[in-house]
Amino acid sequence: MPVINLGHLSLDSVTRSRVVNDIAKACRDLGYFQVINHGISQSVMDCAVKSASDFFELPSETKEEYDTSSKDSINMSQAFLKHYAHPLSDWIQYWPQQSPIYRKYMGKYAAEVRREGSQLLSVNCYPKASQGATTIGLAPHSDYGFLTILLTSCPGLEVVDRSSNIWKTVQKLPHALHVHIGDHMEVLSNGRMKTVVHRALLKPEEARISIPSIHGFALHEKVTCAKELVDEENPPKYKESSFSDFLEHLTANMDNKHKNFLESLRMYGLQSIIRV
Ligand code: OGA
Ligand code: NI
């Protein structure tokens, strides 16, 4: 697992370009990496996890007000909460207020982990694995945005290793955040970088909190293959799309769990030649 020391970005230009190259290489070869020295303090991370546990301990009636609770093909057994997080001042009013610390601590983490564009914060709570039951907490899928930055309370995430096509456990380094590539990065890079298929397992030892922060462009802004990467030999491989197109795709394919968003964007043969 590549570990990128983001602190090195502020050193001399040679070191900086080495870090940038390391990130590009990890994105191309694997699609994921961990970041350390990312500038978010351990206490902000701990408080985010704590405020999530605090929320999930509330009585069910309270949680139902917020739970999207659409048990779809991917969500197997975890309780979850999804809310927009940027711009924070527009959205925080819709966040849970029954937990006295949730808005304060999750708001702080959301602001620190954000760059620009849209940000969707999912907050998942997986139960302990019970004996004999399935141990899959979240079925295999890829994330729609450019990048997902994932904070978890304990291990449980698995990614498909591209070269061997087998599931690989993501180890949890102290203070590290896991980063992986989403569908829109595959589109932007015209297929040079590939979205990462991943899943979450339930653990027999403990319940697990995970907080993926999914980063993309603004709601209606279209993502296309970067024009620098498109020429006669490399026609665009994907149609343009926005986050709102993704949401429409989800609604339109509620019952068809196998119809994948990225697949719906793929252009084949003639279609892509005509575009050029
Ligand atoms: C997700 C996700 C991983 C995890 O919510 O999209 O992939 O470890 N979560 O819970
Ligand atoms: Ni995911």
Side-chain angles (χ1 to χ4, degrees), residues 1 27 30-35 45 48-53 55-56 66-85 106 109-110 113-114 118-129 134-162 167-173 175-187 193-216 243 246-247 249-250 253 257-263:
M1 165 72 71
C27 288
L30 294 167
Y32 53 84
F33 51 92
Q34 291 198 16
V35 290
M45 290 165 61
V49 171
K50 168 84 185 78
S51 66
S53 314
F55 170 78
F56 288 111
Y66 298 98
D67 205 338
T68 57
S69 73
S70 52
K71 288 269 172 254
D72 59 24
S73 53
I74 293 182
N75 292 296
M76 317 281 281
S77 56
Q78 99 277 32
F80 67 92
L81 183 63
K82 278 191 198 331
H83 49 58
Y84 293 107
M106 199 59 85
Y109 177 69
V113 81
R114 172 189 69 81
S118 67
Q119 178 188 21
L120 183 68
L121 207 62
S122 299
V123 183
N124 302 309
C125 179
Y126 301 92
K128 258 191 214 179
T134 172
T135 55
I136 307 270
L138 192 62
H141 67 282
S142 62
D143 295 342
Y144 95 89
F146 288 108
L147 283 179
T148 298
I149 304 177
L150 182 73
L151 166 63
T152 62
S153 62
C154 64
L157 177 70
E158 293 195 334
V159 292
V160 172
D161 178 68
R162 224 169 270 152
W167 288 106
K168 203 167 137 182
T169 304
V170 173
Q171 300 300 339
K172 209 176 122 48
L173 298 174
H175 193 59
L177 292 165
H178 173 84
V179 180
H180 61 224
I181 300 270
D183 296 349
H184 268 157
M185 189 70 101
E186 182 163 334
V187 173
M193 295 177 183
K194 300 275 191 273
T195 197
V196 173
V197 175
H198 55 282
R199 67 179 182 185
L201 299 186
L202 304 181
K203 300 272 115 185
E205 305 85 25
E206 55 189 323
R208 175 170 175 269
I209 298 281
S210 81
I211 311 174
S213 178
I214 299 182
H215 298 259
F243 180 25
F246 167 71
L247 294 177
H249 173 95
L250 276 192
N253 294 286
K257 42 184 155 177
H258 301 296
K259 192 145 190 309
N260 161 302
F261 178 57
L262 189 61
E263 213 43 58

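Remember, it's 1-based here, ligands and their atoms both numbered in the order they're listed. Heavy atoms only: backbone and side chains are in, while hydrogens, waters and symmetry mates are out.
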Fill in: Among Leu201, Leu138, Val159, Val197, closest by any non-hydrogen atom to atom 9 (N) of ligand 1
Leu138
Worksheet item: Which of these, His215, His198, His184, sits in a side chain to side chain donor-acceptor pair (under 3.5 Å) with Asp143?
Response: His198
Worksheet item: Any idea which protein heavy atom is nearest atom 3 (C) of ligand 1, and the distance to it?
Response: Leu157 CD1, 3.8 Å
Discussion item. Polar contacts were defined as any N/O atom of the residue lying under 3.5 Å from an N/O atom of the ligand; does this apply to Thr152 and ligand 1?
Written reply: no
Worksheet item: Atom OG1 of Thr195 and atom CD of Glu186: how far apart are they, to the nearest 0.5 Å?
Response: 6.0 Å
Fill in: Atoms in ligand 1 with a heavy atom of His198 nearer than 4.0 Å
2 (C), 7 (O)
Worksheet item: Does Ile214 approach ligand 1 within less than 4.0 angstrom via side chain, backbone, both or neither, non-hydrogen atoms only?
Response: neither
Item to complete: May I ask you to list the atoms of ligand 1 that are less than 4.0 angstrom from any heavy atom of Tyr126?
Response: 4 (C), 9 (N), 10 (O)
Practice prompt. For Arg208, take its heavy atoms, then give the atoms of ligand 1 lying under 4.0 Å from any of them.
Written response: 4 (C), 8 (O), 10 (O)
Discussion item. Main chain of Ala139, side chain of His141: is a donor-acceptor contact present, judged purely on distance under 3.5 Å?
Written reply: yes
Worksheet entry | Atom name in Asp143, limited to N/O/S, at shortest distance from the Ni ion (ligand 2) | OD1
Fill in: Nearest non-hydrogen protein atom, atom 6 (O) of ligand 1
His141 NE2, 3.0 Å
Item to complete: Over all heavy atoms of both residues, which pair between Val123 and Phe56 is shortest? Give the atoms and the distance, please.
Response: O-CZ, 3.3 Å
Worksheet, complete the sentence: Between the OH atom in Tyr126 and the OG atom in Ser210, the distance rounded to the nearest 0.5 Å is 4.0 Å
Practice prompt. Grab the two heavy atoms, one from Gly31 and one from Val196, that are nearest each other, plus how far apart they are.
Written response: O-CG2, 3.1 Å
Worksheet item: With distance as the sole test, does Arg208 use its side chain to make a donor-acceptor pair with the main-chain N or O of Gly137 at under 3.5 Å?
Response: no
Worksheet item: Does the pair Leu157 and Thr152 meet the rule for a side chain to side chain contact (heavy atoms under 4.5 Å, CB included), with working shown?
Response: CA-CA 9 Å; Leu157 177 70; Thr152 62; 5.6 Å; no
Worksheet item: Among the heavy atoms of Pro212, does any lie under 4.0 Å from an atom of ligand 1?
Response: yes
Discussion item. If the cut-off is 4.0 Å to any non-hydrogen atom of Ser210, which atoms of ligand 1 fall inside it?
Written reply: 4 (C), 8 (O), 10 (O)
Item to complete: Run the ring-centre check on Phe246 versus Tyr144 and record whether the distance is less than 6.0 Å.
Response: yes
Discussion item. Can you name the atoms of ligand 1, numbered from 1 with element, that are less than 4.0 Å from a heavy atom of Asn124?
Written reply: 5 (O), 9 (N), 10 (O)
Discussion item. Side chain, backbone, both or neither: which applies to Arg199 and ligand 1 if a contact is any heavy-atom pair less than 4.0 Å apart?
Written reply: neither
